[in-house]
Enquirer: 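Shown below is the structure under consideration.
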There are 2 protein chains.
Amino acid sequence: MSLQHAILGILSYKPTTGYDLKHIIDKNISYIWSAKLSQIYRDLGSLERKGYVTTRIEKQGGRPDKKIYSVTEEGEKALQEWMIKFPQELLPPIRDEFCIRILFGSRLPVEELKFQLNRFIKEIQARLEVYQGLTKVIDKYAEDMGIPGEKFFWRLTLQRGFICKEAEMRWARECLLELEKNYPGKPLEDSDQADKA
Amino acid sequence: MSLQHAILGILSYKPTTGYDLKHIIDKNISYIWSAKLSQIYRDLGSLERKGYVTTRIEKQGGRPDKKIYSVTEEGEKALQEWMIKFPQELLPPIRDEFCIRILFGSRLPVEELKFQLNRFIKEIQARLEVYQGLTKVIDKYAEDMGIPGEKFFWRLTLQRGFICKEAEMRWARECLLELEKNYPGKPLEDSDQADKA
DNA sequence: GAATTCATGTAACTTGTTACATGATTTA
DNA sequence: TAAATCATGTAACAAGTTACATGAATTC
């Protein structure tokens with residue numbers, strides 16, 4: 001349901017089209033949420049059927065008409081209720097495909113593993129560089145929307161992107177070190193039972 | 001597809017039932033993957049239809065018969081191919097519901113936000129404590145399965161759980177500090193344009 | 001006597017992805 | 001003149017969740 005609530009929240013700043021929502025999401029909150037255009041259109045349809053948004057057509061010459069979505073009072077209420085009701089479990093289930101591959105890492109040559117870990121690190125670095133530019137992007141967005149007070153919260157969420165991606169990078173680097181030092185050949189020491197041996 | 005590959009990998013250590021797979025996943029790899037029993041049964045069915053696993057029935061008195069799944073040669077091959085083919089994009093799309101709520105945090109009283117952040121921190125602490133015990137659990141699992149060499153990789157993935165959850169906790173604590181210091185009342189300073197004022 | 005564990009699933013639903021369809025306008 | 005942008009979607013598929021169904025054995 002979160003995409004629909006994210007959409008309601010964004011539309012509450014200013015009514016726009018589905019196409020534009022996609023750009024706003026990609027540019028401004030890709031570090032906490034992502035969505036395909038097809039899903040956005042479907043969820044907008046769903047929101048409309050529930051009466052949470054209404055549409056107004058803006059005719060254009062040569063281009064398809066714009067369908068501009070606005071939040072209704074019902075929609076505002078629904079968003080507000082969702083905001084108040086935090087779930088019992090705040091931590092979502094984890095699904096980390098990259099780690100599944102590491103888990104079964106003995107099936108691959110060490111060199112391949114190192115190569116993939118290095119790719120992983122490079123992708124995170126690229127992501128971190130994007131994040132660096134995002135502070136200005138979200139500040140500008142808040143200014144454009146006439147909601148400068150929201151910067152505070154947007155920056156908090158962006159900060160999470162930084163901290164978590166940095167942590168992932170540290171982990172990947174540790175993995176490389178471990179592969180260098182303790183695998184293969186050198187047997188694994190039972191650190192908590194070292195006295196047994 | 002990752003659940004199916006995780007299942008193939010686990011079954012390759014030792015054939016078991018769907019019911020038992022659920023326990024193995026919950027106990028040993030909850031920090032990188034989770035799955036409901038209903039999905040496990042469905043995916044086992046799918047794997048069987050593809051010829052990647054076969055079943056053998058073990059009759060029991062009074063209890064439903066056990067259906068024990070084993071990986072076929074085809075299944076081994078499929079898993080191996082999946083392992084070799086890392087995706088182009090190693091970083092999965094991010095979807096963080098908690099952050100969506102923080103993003104629209106101005107809709108809530110500050111006290112409510114602080115309360116939820118504290119809940120968040122507590123849940124992470126509980127998780128970290130579980131992780132602490134997991135080193136022994138996964139080591140025991142590796143011993144029981146007769147695959148002591150796999151400990152190396154299992155520990156690497158568990159390490160990721162630690163590092164990432166710690167990072168999330170640091171972030172949440174930063175949020176609390178920010179709420180204390182800069183919100184509300186105190187206006188947000190444009191740190192990169194401070195000289196303008 | 002009630003709740004949990006053991007052991008199997010199915011059906012309906014929600015969420016997210018991929019591929020397809022249309023067609024003018026603008027940029028390289 | 002080829003590719004990207006603007007702007008709308010639909011259909012089929014894949015993955016994950018929730019709710020339901022059965023029923024003996026064991027533990028509290």
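Residue numbers begin at 1 in each chain, while the letters A, B, ... track the order of the sequences. Predicted, not measured: the structure shown is a model, and the values here were computed from it.
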Enquirer: Using a cut-off of strictly less than 4.0 Å, decide whether A:His23 has a side-chain nitrogen or oxygen near OP1 or OP2 of D:dT5.
Expert: no
Enquirer: Between B:Phe120 and B:Phe98, is the ring centre distance below 6.0 Å?
Expert: yes
Enquirer: Whole angstroms only, please: what is the NZ-P distance between A:Lys66 and C:dG23?
Expert: 21 Å
Enquirer: Just by protein heavy atoms under 4.0 Å, how would nucleotides 10-22 of chain D read 5' to 3' in B, S and -?
Expert: B----SBBBB---
Enquirer: Once you round it to whole Å, what is the distance between C1' of D:dT8 and CG of A:Leu44?
Expert: 12 Å
Enquirer: Should A:Gln60 be listed as having a side-chain N or O under 4.0 Å from OP1 or OP2 of D:dA7?
Expert: yes
Enquirer: Salt bridge (Lys or Arg N to Asp or Glu O under 4.0 Å) with A:Glu58: which residues, sequence neighbours excluded?
Expert: A:Arg56
Enquirer: List for me each residue that meets salt bridge (Lys or Arg N to Asp or Glu O under 4.0 Å) alongside B:Glu111, sequence neighbours excluded, and say none if there are none.
Expert: B:Lys114
Enquirer: Sequence neighbours excluded, which residues qualify as side chain to side chain contact (heavy atoms under 4.5 Å, CB included) partners of A:Tyr41?
Expert: A:Tyr19, A:Leu37
Enquirer: Not counting sequence neighbours, which residues clear salt bridge (Lys or Arg N to Asp or Glu O under 4.0 Å) with A:Lys122? List them please.
Expert: none
Enquirer: For A:Tyr19 and D:dT8, is the shortest distance between a side-chain N/O and OP1 or OP2 below 4.0 Å?
Expert: no
Enquirer: Can you name the atoms? Protein N/O to nucleotides 25-28 of chain D N/O, anything below 3.5 Å, with the distance.
Expert:
residue, atom, partner, partner atom, Å
D:dA25, O4', B:Arg63, NH2, 3.3

Enquirer: Parallel, tilted or perpendicular, judged at 30° and 60°: which one describes the rings of A:Tyr31 and A:Tyr131?
Expert: perpendicular
Enquirer: For A:Asp65, check salt bridge (Lys or Arg N to Asp or Glu O under 4.0 Å) against everything at least two apart and list the hits.
Expert: none
Enquirer: Run the side chain to side chain contact (heavy atoms under 4.5 Å, CB included) test against B:Pro64 and tell me which residues pass, sequence neighbours left out.
Expert: none
Enquirer: The criterion is side chain to side chain contact (heavy atoms under 4.5 Å, CB included); which residues satisfy it with B:Arg119, sequence neighbours excluded?
Expert: A:Phe86, A:Leu90, B:Phe115, B:Gln116, B:Glu123
Enquirer: Ignoring hydrogens and angles, write down the donor-acceptor pairs under 3.5 Å from the side chains of residues 156-176 of chain A, residues two or more places apart or on other chains.
Expert:
residue, atom, partner, partner atom, Å
A:Thr157, OG1, A:Trp154, O, 2.8
A:Gln159, NE2, B:Glu174, OE1, 3.4
A:Arg160, NE, B:Asp96, OD2, 3.3
A:Arg160, NH1, B:Asp96, OD1, 3.4
A:Arg160, NH1, B:Asp96, OD2, 2.6
A:Arg160, NH2, B:Asp96, OD2, 3.4
A:Arg160, NH2, B:Glu168, OE1, 2.6
A:Lys165, NZ, A:Glu168, OE2, 2.8
A:Glu168, OE1, B:Arg160, NH2, 2.5
A:Trp171, NE1, B:Leu156, O, 2.8
A:Glu174, OE1, B:Gln159, NE2, 3.3

Enquirer: Using the test ring pair (Phe, Tyr, Trp, His ring centres under 6.0 Å), find all partners of A:Trp82 that sit at least two apart in sequence or belong to another chain.
Expert: A:His5
Enquirer: Could you tell me how far apart B:Glu58 (CD) and C:dC6 (P) are, to the nearest whole angstrom?
Expert: 15 Å
Enquirer: What is the bend of the helix from C:dG1-D:dC28 to C:dA28-D:dT1 when you compare the axis at one end with the axis at the other, using five pairs each and rounding to 10°?
Expert: 50°
